[in-house]
Amino acid sequence: MEVCHSLGLAKSIGVSNFSCKKLQDLLATAKIPPAVNQVEMSPLWQQKKLREFCKGKNIHVTAYSPLGGRGTVWGTNEVLGSKILLEIAQAKGKTVAQICLRWILEQGVSVVVKSFNKERIKENMEILDWELSSEESQKIDQIEQQKGFPGHMFVWEEGPYKSIEEFWDGEI
């Protein structure tokens with residue numbers, strides 16, 4: 001990717017699913033640091049440590065599966081089913097999805113959302129003209145953390161990663 005960048009074929013280099021350790025390893029040898037790290041992030045998997053690390057290294061974070069990845073092989077309904085998020089949504093007259101997306105934007109993170117439903121796409125865009133209160137943000141900060149995609153498929157006895165903890169560098 002650095003060659004592509006130097007040839008003008010890429011404006012920036014990005015990575016996906018890099019932990020703090022993997023980013024440290026990359027930064028130790030990279031001539032061009034990544035501009036972005038795209039990772040799973042939602043109110044139920046807030047990635048606080050990784051976001052702080054990336055901020056300190058000037059690496060932007062982009063969130064995927066902000067609503068839990070429902071409908072995917074590895075997804076979960078836990079995000080949209082969160083009682084705390086539902087309470088906040090009802091109090092604000094918003095949807096749980098809008099609360100999740102707004103919370104991510106307020107963290108300084110860009111977000112990738114997938115929908116084929118025109119009404120949901122429109123609804124997803126209606127998060128720019130309001131804010132969460134500090135009390136609402138504090139409630140979201142207290143949500144028990146759980147990763148939607150643990151990565152079991154990348155772990156096996158003969159592989160480079162022999163446990164989930166090793167695969168995620170202890171950041172799960």
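The figures here come from the full heavy-atom set of this structure, side chains too, leaving out hydrogens, waters and symmetry mates.
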Lys22 to Tyr161 - nearest heavy-atom pair and separation: CE-OH, 3.6 Å
Exam field: side chain Gln46 to backbone Ser42, donor-acceptor pair closer than 3.5 Å: no
Identify, with sequence neighbours excluded, every residue that meets side-chain contact (heavy atoms from CB on, under 4.5 Å) alongside Glu87. none
Side chain to side chain contact (heavy atoms under 4.5 Å, CB included), that's the test. Do Ile99 and Ile140 meet it? Break it down for me. CA-CA 10 Å; Ile99 298 300; Ile140 293 171; 4.1 Å; yes
Could you please spell out the steps behind the side chain to side chain contact (heavy atoms under 4.5 Å, CB included) verdict for Val36 and Val15? CA-CA 6 Å; Val36 66; Val15 295; over 6 Å; no
Kindly state each residue pair satisfying salt bridge (charged side-chain N to carboxylate O under 4.0 Å, His left out) with at least one member in residues 7-16, sequence neighbours excluded. none
Verify side chain to side chain contact (heavy atoms under 4.5 Å, CB included) between Leu105 and Leu128, making sure each step is shown before the conclusion. CA-CA 9 Å; Leu105 285 181; Leu128 302 174; 3.8 Å; yes
Might you point out which heavy atoms bring Ala10 and His5 nearest each other, and give the distance in Å? O-CD2, 3.3 Å
Looking at every non-hydrogen atom in both residues, tell me the closest pair between Ile143 and Ile84 and how far apart they are. CG1-CD1, 3.8 Å
Answer yes if Ile59 and Val112 sit in the same cluster of Ile, Leu, Val, Met, Phe, Trp and Tyr residues linked by side chain heavy atoms under 4.5 Å apart, and no otherwise. no
When clusters are formed by joining ILVMFWY residues with side-chain heavy atoms under 4.5 Å apart, either directly or through shared neighbours, do Trp130 and Val113 land in the same one? yes
Where do Lys139 and Leu85 land on the side chain to side chain contact (heavy atoms under 4.5 Å, CB included) test, with the steps shown first? CA-CA 9 Å; Lys139 285 181 183 179; Leu85 296 174; over 6 Å; no
Any heavy-atom pair between the side chains of Val109 and Thr62 that's under 4.5 Å? no
Could you tell me which residues satisfy salt bridge (charged side-chain N to carboxylate O under 4.0 Å, His left out) with Lys118, sequence neighbours excluded, listed by chain and number? none
Is any side-chain N of the basic residue among Lys92 and Glu136 closer than 4.0 Å to the acidic one's carboxylate O? yes
Sub-4.5 Å side-chain heavy-atom contact between Pro33 and Lys57: no
Within this structure, what is the SG-NZ distance for the pair Cys20 and Lys49, rounded to the nearest 0.5 Å? 5.0 Å
State whether the side chain of Gln38 and the backbone N or O of Val61 hold a donor-acceptor pair below 3.5 Å, judged by distance alone. no
CD of Glu78 to CD of Glu144, rounded to nearest 0.5 Å, is 10.0 Å
Just wondering, do Ile88 and Val96 contact through their side chains at under 4.5 Å, heavy atoms? no
Closest approach of Leu27 to Pro34 (non-hydrogen atoms, all atoms of both residues): CD2-CD, 3.9 Å
Joint hydrophobic cluster, Ile121 plus Tyr64, side-chain heavy atoms closer than 4.5 Å: no
Tell me whether Glu106 is salt-bridged to Arg102, with the criterion being a basic N under 4.0 Å from an acidic carboxylate O. yes
Give me the atom names and distance for the closest heavy-atom approach of Cys100 to Val79. SG-CG1, 3.5 Å
With a 4.5 Å heavy-atom cut-off, do Met41 and Pro66 have their side chains touching? no
With a 6.0 Å cut-off (strictly less than), is the heavy-atom count around CG of Asn58, excluding the residue itself, greater than 12? no
Can you tell me how far CD of Glu126 sits from CD of Gln98, rounded to the nearest 0.5 angstrom? 6.0 Å
Minimum heavy-atom distance Asn37-Phe18, with the two atoms named: ND2-O, 2.8 Å
